Q: 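First, the structure itself, so that you have it in front of you.
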There are 2 protein chains.
Amino acid sequence: MKVALATPPDTATLLDLDKQLCFPLYAASRLLTRIYQPLLERYGLTYPQYIVLIILWEKTPCSVTEIGERALLNSNTLTPLLKRLEQQGVITRTRDSGDERVVMIALTEHGRALKSKCACIPTEMQKRLGFDPDKAIALKQLLDEFLRHLRAHASDHLA
Amino acid sequence: MKVALATPPDTATLLDLDKQLCFPLYAASRLLTRIYQPLLERYGLTYPQYIVLIILWEKTPCSVTEIGERALLNSNTLTPLLKRLEQQGVITRTRDSGDERVVMIALTEHGRALKSKCACIPTEMQKRLGFDPDKAIALKQLLDEFLRHLRAHASDHLA
DNA sequence: AGCGATTATATCGCACAAGATATAATCGCT
DNA sequence: AGCGATTATATCTTGTGCGATATAATCGCT
């Protein structure tokens, strides 16, 4: 029963914007970051800087490589970002005495203090966003799984 | 029955990286774009340029504003990007004779021809990615809904 | 017709991203 | 011990993103 001949599953159709998986990911990531921005700029932070701080609030000090593995960023992005955080007095950068290649990043007192100031951000974001919490949890679970898959894919393609 | 006192639902806990919704979105978007890159660079395209072309392949010509509404980008990002596409001979930029404020973007012959060359990209990406198609569909549906929500949120906060 | 408000695009400045390459320190093997 | 390979960061370049502002064209209202 060839009833669908009028609109064949043309390969070209797959190129429509609303067929893409990557586009809503790309767009949603940017739009969500825009909502973070007004909350973060109170403390002079950008979103990537906030991510780095979250990593350091969990464990300090960290090497640049450790931060990079967690945030999925390389030194070409991290080095300038960390220098800016150092300028702002949020972190310190020190060469590891055991291995002089390594730069250890540690929170300053100010950096540590920012944690309690930022503590309200997740709740505040949830409130501002007003997205159904059940759906948000489902989305997060799928995204986490997808990210695990992408991480594995990325490490495959280093060799 | 206060049994959970040992690990109270501390606000600080919400600041852990694996509690964030935005981070997997941000990271997955970047990792996925990295997988697109080798496919796109054959045609000298970046991922945002590819998005703009997808929009134009669906409808040409388009005004800069129309493209911006679809791609969720403003002229500060689009103008330079479109100038680069123009340099590469993929599009043309012409002032609208009816309304001199508007710049109309149209595909060139080369730009049109790129569509058939890029037709294999969605399928090729799916193959390279190797992510469970059912989960990909579920993820896309949730992401689309989330993006609709974010769009509505964004337009609310213009006033 | 005239003029303030709106709209479309452009420009500027700063901060990511990420590929390519450089540099210095450490490791591993003989 | 010595030296080529690996590792950790840094640097350079190009291309976004985006807030803020500029500029020119059009609209709306009297």
Side-chain angles (χ1 to χ4, degrees), chain A residues 26-41 44-52 61-69 71-88 93-105 154 157-159, chain B residues 23 26-41 44-52 61-69 71-88 90 93-105 154 157-159:
Chain A
Y26 160 76
S29 169
R30 287 185 296 109
L31 288 193
L32 192 50
T33 302
R34 286 186 207 171
I35 304 179
Y36 268 95
Q37 201 49 45
L39 297 180
L40 293 173
E41 75 179 356
L45 296 174
T46 65
Y47 182 75
Q49 289 170 3
Y50 174 64
I51 293 297
V52 167
C62 272
S63 71
V64 173
T65 300
E66 264 176 282
I67 294 173
E69 280 166 0
L72 295 165
L73 291 169
N74 300 318
S75 68
N76 46 11
T77 300
L78 281 176
T79 299
L81 185 155
L82 291 169
K83 281 185 179 173
R84 281 186 284 269
L85 285 179
E86 186 186 34
Q87 293 274 311
Q88 296 172 37
R93 296 163 68 243
T94 353
R95 286 274 164 194
D96 187 303
S97 50
D99 184 340
E100 287 282 339
R101 292 171 305 178
V102 175
V103 171
M104 293 304 290
I105 307 297
H157 289 255
L158 292 180
Chain B
F23 177 71
Y26 159 77
S29 170
R30 287 185 296 109
L31 289 192
L32 192 51
T33 301
R34 287 185 205 171
I35 304 179
Y36 269 96
Q37 202 48 46
L39 297 180
L40 293 174
E41 75 177 357
L45 297 174
T46 64
Y47 182 75
Q49 290 169 2
Y50 173 64
I51 293 297
V52 167
C62 273
S63 71
V64 174
T65 302
E66 266 176 279
I67 295 173
E69 279 165 1
L72 294 166
L73 290 169
N74 299 319
S75 68
N76 45 11
T77 300
L78 280 176
T79 298
L81 185 156
L82 292 169
K83 281 186 179 173
R84 280 187 282 269
L85 285 178
E86 186 185 33
Q87 293 272 312
Q88 296 172 37
V90 177
R93 297 163 65 244
T94 354
R95 286 273 164 196
D96 187 301
S97 50
D99 184 341
E100 287 282 342
R101 292 171 304 179
V102 175
V103 171
M104 292 303 291
I105 307 298
H157 288 254
L158 292 181

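Labels below follow one simple rule: chain letters A, B, ... track the order of the sequence lines, proteins then strands, and each chain is numbered from 1. In this text the structure is predicted, and so the values were computed from the model without any measurement.
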Q: Just checking A:L78: base, sugar-phosphate only, or nothing, at a heavy-atom cut-off of under 4.0 Å?
A: nothing
Q: For B:Q37, check side chain to side chain contact (heavy atoms under 4.5 Å, CB included) against everything at least two apart and list the hits.
A: B:E41
Q: Just by protein heavy atoms under 4.0 Å, how would nucleotides 20-28 of chain C read 5' to 3' in B, S and -?
A: B----BS--
Q: Give DNA chain C the dot-bracket treatment, 5' to 3': Watson-Crick (N1-N3 with N6-O4 or O6-N4) or G-U (N1-O2, O6-N3) under 3.5 Å, [ ] crossing, | other strand.
A: ||||||||||||||||||||||||||||||
Q: Could you list the residues that satisfy side chain to side chain contact (heavy atoms under 4.5 Å, CB included) with A:T46, not counting sequence neighbours?
A: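 Scan of A:T46 (side chain to side chain contact (heavy atoms under 4.5 Å, CB included), adjacent residues dropped) gives A:P48, A:Q49.
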Q: Go through residues 26-35 of chain A and report each residue with a non-hydrogen atom lying under 4.0 Å from DNA chain C, sorted by number.
A: none
Q: Classify the nucleic acid contact of B:T46 as base, sugar-phosphate or nothing, counting any heavy atom under 4.0 Å across all strands shown.
A: sugar-phosphate
Q: For A:Y26, which residues count as a ring-ring contact (aromatic ring centres under 6.0 Å, His included) partner, sequence neighbours excluded?
A: B:Y47
Q: Using residues 79-86 of chain B as the side-chain source, report each donor-acceptor pair under 3.5 Å to any protein atom, sequence neighbours left out, with the distance given to one decimal.
A:
{"residue": "B:T79", "atom": "OG1", "partner": "B:S75", "partner atom": "O", "Å": "3.0"}
{"residue": "B:E86", "atom": "OE1", "partner": "B:R93", "partner atom": "NH1", "Å": "3.3"}

Q: Looking only at non-hydrogen atoms, find the nearest pair between A:S63 and A:V102 and report the distance.
A: CB-CG1, 3.7 Å
Q: For A:E100, which residues count as a side chain to side chain contact (heavy atoms under 4.5 Å, CB included) partner, sequence neighbours excluded?
A: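 Only A:R95 meet the side chain to side chain contact (heavy atoms under 4.5 Å, CB included) criterion with A:E100.
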Q: Just to verify, what does A:D99 make a side chain to side chain donor-acceptor pair (under 3.5 Å) with, not counting sequence neighbours?
A: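 Checked A:D99 against side chain to side chain donor-acceptor pair (under 3.5 Å); matches are A:R101.
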Q: Checking B:E69 now: which residues fulfil salt bridge (Lys or Arg N to Asp or Glu O under 4.0 Å) with it, not counting sequence neighbours?
A: none
Q: So, is A:Q49 near the phosphate of C:dC16, with a side-chain N or O under 4.0 Å from OP1 or OP2?
A: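 Yes.
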